[in-house]
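The figures that follow rest on heavy atoms only: side chains count, while hydrogens, waters and symmetry mates do not. Throughout, protein chains are lettered first and strands after them, A, B, ... in sequence-line order, and every chain is numbered starting at 1.
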Amino acid sequence: MNASHDAMLDDVAVYALGTMNAADAARVQEHLRTCAECRAEYEALAPSASAVGLSAEACANAETGAVTVSPLLKARLMREVRRDAASSPVVARGGSWGTYLVAAACLAVAVWTSFVNISLNHQLHGAQATLAATQTTIADLTSAHAQRFAVNGGEIVRVHGRIYLAMHDMPQPPRGKVYQAWTLPKGAKTMRPSLTFVPDAHGTALVALPVNAALTSAVAVSVEPAGGSKQPTSKPVLVEQLG
Amino acid sequence: MELDAEDLIARIRARDADAFEALYDAHHRLVYGVAMRMLGDAAAAEDVTQSVFLKVWSSPDLFRSGNFSAWIVRVTRNRALDVLRSRNSHPEVELPEALPESDALEDVAFANLDATAVRAALETLPPEQRAPIELGFFGGITHDEIARRTGIPLGTIKTRIRMGLRKLRATLEGAVTV
Ligand SMILES: [Zn+2]
């Protein structure tokens with residue numbers, strides 16, 4: 001066992017350097033899970049392997065003859081990054097946001113129960129599958145790419161082609177009533193009926209709207225009779241242009 | 001000296017382009033240098049540099065904590081390996097598996113190292129240890145391939161890599177300025 005384990009320690013070093021093929025790397029990874037001695041060796045040697053990479057840093061000094069990095073590269077990158085930064089709304093990050101998200105995502109399946117429009121059904125199935133993937137929801141809502149539109153009682157989050165209503169402070173609708181979301185397709189003049197929902201006792205509701213964000217220009221919410229309406233029957237409690 | 005990359009990353013999360021610029025200024029020579037060494041051509045190295053930094057901008061959360069230089073070296077090496085893979089005209093030659101990027105290298109002992117110190121430490125290695133380490137890290141070939149090309153037995157190559165990395169660590173520990 002000792003001789004073969006010495007060979008394993010050699011393998012760990014080669015793994016740390018990153019020069020193994022996929023099959024050998026998987027074998028070492030598996031062994032690292034169970035062997036403390038090899039794990040310690042890996043932890044000792046991995047920084048040395050990274051340090052090898054540091055030795056390649058290009059010299060800034062052109063006099064030495066070392067390669068220099070084209071300033072055009074930076075100009076190109078910064079143009080792209082500044083444009084992107086300008087188009088991202090400022091992200092508000094509250095301390096308890098993460099906790100809220102976990103709770104909200106677990107809750108999500110429960111809150112949006114009734115569907116309004118039979119013709120929405122096939123889309124709804126897709127949306128349901130999305131929502132069942134709670135992790136996707138959480139990843140979406142915490143994504144650095146997410147655009148957040150603050151609205152009364154929460155926010156609308158647009159990310160990766162999806163739109164979420166993330167409400168954290170929404171009063172209960174009157175007895176026998178529900179909230180209903182409405183979406184405005186780009187180029188359309190009238191809102192389309194979307195999901196109905198009821199916030200929980202804490203005013204929390206998370207609704208993944210079954211629309212393509214790229215094709216949606218506005219979102220609204222109104223109070224409607226249980227079961228939902230084909231057209232709004234009350235003044236919206238929120239309307240947000242998504243630009 | 002390492003800028004506080006964790007602070008810059010936190011600001012990048014909040015879409016702060018100035019923080020991104022500072023991060024680029026501090027690390028682009030490292031990223032470009034690794035890519036250049038592996039790919040051997042300036043245009044490809046620039047492409048890799050651009051894609052690595054755009055990835056940092058678009059997904060700053062990929063870096064969790066630890067030694068940022070070590071992390072970005074891994075990301076760069078993996079990206080350059082992808083390029084080598086796409087170029088590989090001999091599919092029978094297996095390329096090394098990418099290093100895990102998620103493995104937070106908590107070891108910050110080497111955070112203050114500069115390239116000069118590492119080059120000096122590499123100089124102290126016997127050539128038979130240094131060669132397979134550099135060839136393996138930058139050459140984009142597996143240790144099997146090194147053994148095949150040099151005719152040195154596989155087990156010997158592995159042992160030399162391990163001895164070399166251990167010696168490198170001991171030398172660098174002496175070289176760290178805090
Ligand atoms: Zn072991």
Side-chain angles (χ1 to χ4, degrees), chain A residues 6-7 9-26 29 41-60 66-70 72-74 76-78 80-93 142-145, chain B residues 13-17 20-21 24 28-30 32-34 36-37 42 46 49-50 53-54 57-61 67 69-70 73-74 77 94 96-99 103 105 107 109-110 113-115 118-119 121-122 133-134 136-138 141-144 146 155 158-159 161-162 165-166 168-169 172:
Chain A
D6 269 356
L9 284 165
D10 284 351
D11 279 348
V12 167
V14 176
Y15 171 74
L17 187 62
T19 65
M20 281 191 155
N21 63 37
D24 286 346
Q29 260 172 343
E41 185 74 359
Y42 173 74
E43 278 159 21
L45 296 186
S48 304
S50 303
V52 174
L54 297 187
S55 73
E57 182 170 17
C59 209
V67 279
T68 51
V69 187
S70 162
L72 291 178
L73 174 60
K74 176 174 173 180
R76 218 161 47 223
L77 258 176
M78 288 314 299
E80 190 155 340
V81 162
R82 291 203 188 278
R83 193 174 48 211
D84 186 51
S87 70
S88 308
V90 175
V91 176
R93 282 176 182 269
T142 53
S143 168
H145 297 291
Chain B
R13 272 194 211 107
R15 311 281 77 191
D16 181 339
F20 176 84
E21 184 170 9
Y24 178 86
H28 74 283
R29 282 187 303 280
L30 175 57
Y32 180 83
V34 170
M36 187 66 192
R37 185 90 181 261
E46 283 196 10
T49 305
Q50 175 163 338
F53 278 99
L54 283 179
W57 173 253
S58 64
S59 310
D61 290 333
N67 183 336
S69 295
V73 161
R74 285 180 168 224
R77 184 175 184 267
E94 216 168 2
E97 175 75 346
L99 288 165
D103 247 29
L105 290 178
D107 189 322
F110 295 165
L113 277 183
D114 63 22
V118 181
R119 284 183 203 128
L122 280 167
I133 286 176
E134 292 196 302
F137 194 92
F138 296 115
I141 60 177
T142 61
H143 59 290
D144 305 80
I146 296 174
K158 290 182 185 178
T159 304
I161 288 175
R162 181 172 169 219
L165 288 178
R166 295 198 124 215
L168 198 55
R169 173 158 188 121
L172 290 173

List the atom of B/Phe138, the atom of A/Gly53, and the distance in Å for their closest heavy-atom pair. CZ-CA, 4.0 Å
If you round to the nearest 0.5 Å, how far is CD1 of B/Ile141 from OG1 of A/Thr19? 9.0 Å
Carboxylate-amine/guanidinium proximity below 4.0 Å for B/Arg166 and A/Glu41: yes
Pick whichever of B/Ile161, B/Thr49, B/Ile146, B/Val73 has the most heavy-atom pairs under 4.5 Å with chain A. B/Ile161
Side chain of B/Arg169, backbone of A/Ala44: donor and acceptor closer than 3.5 Å? yes
Mind listing the closest non-hydrogen atom pair of B/Phe53 and A/Leu77 along with its distance? CB-CD1, 3.8 Å
Short side-chain to backbone donor-acceptor contact, B/Arg77 and A/Gly18, under 3.5 Å: yes
Quick one: side-chain contact (heavy atoms from CB on, under 4.5 Å) partners of B/Asp144, sequence neighbours excluded? A/Asn21, A/Asp24, B/Thr142, B/Leu154
For B/Glu21 versus A/Arg82, what's the shortest heavy-atom pair and its separation? OE1-NH2, 2.7 Å
Nearest heavy-atom neighbours spanning B/Ala17 and A/Val81: CB-CG1, 3.9 Å
What part of A/Met78 lies closer than 4.5 angstrom to a heavy atom of chain B: side chain, backbone, both or neither? side chain
For residues A/Ser55 and B/Val118, report the shortest heavy-atom separation together with the two atoms involved. CB-CG1, 3.7 Å
Any side-chain heavy atom of A/Val69 sitting closer than 4.5 Å to one from B/Tyr24? yes
Residues two or more places apart in sequence or in another chain: which of them pass side-chain contact (heavy atoms from CB on, under 4.5 Å) with A/Ser70? A/Leu72, B/Glu46
With a 4.5 angstrom heavy-atom cut-off, which part of B/Leu122 approaches chain A: side chain, backbone, both or neither? side chain
Quick check: closest heavy atoms across A/Ala51 and B/Leu172, and the distance to 0.1 Å? CB-CD1, 3.6 Å
Do B/His28 and A/Lys74 make a side-chain contact, defined as non-hydrogen atoms from C-beta onward lying under 4.5 Å apart? no
Find the one option among B/Arg162, B/Lys158, B/Arg37 whose heavy-atom pairs under 4.5 Å with chain A are most numerous. B/Arg162
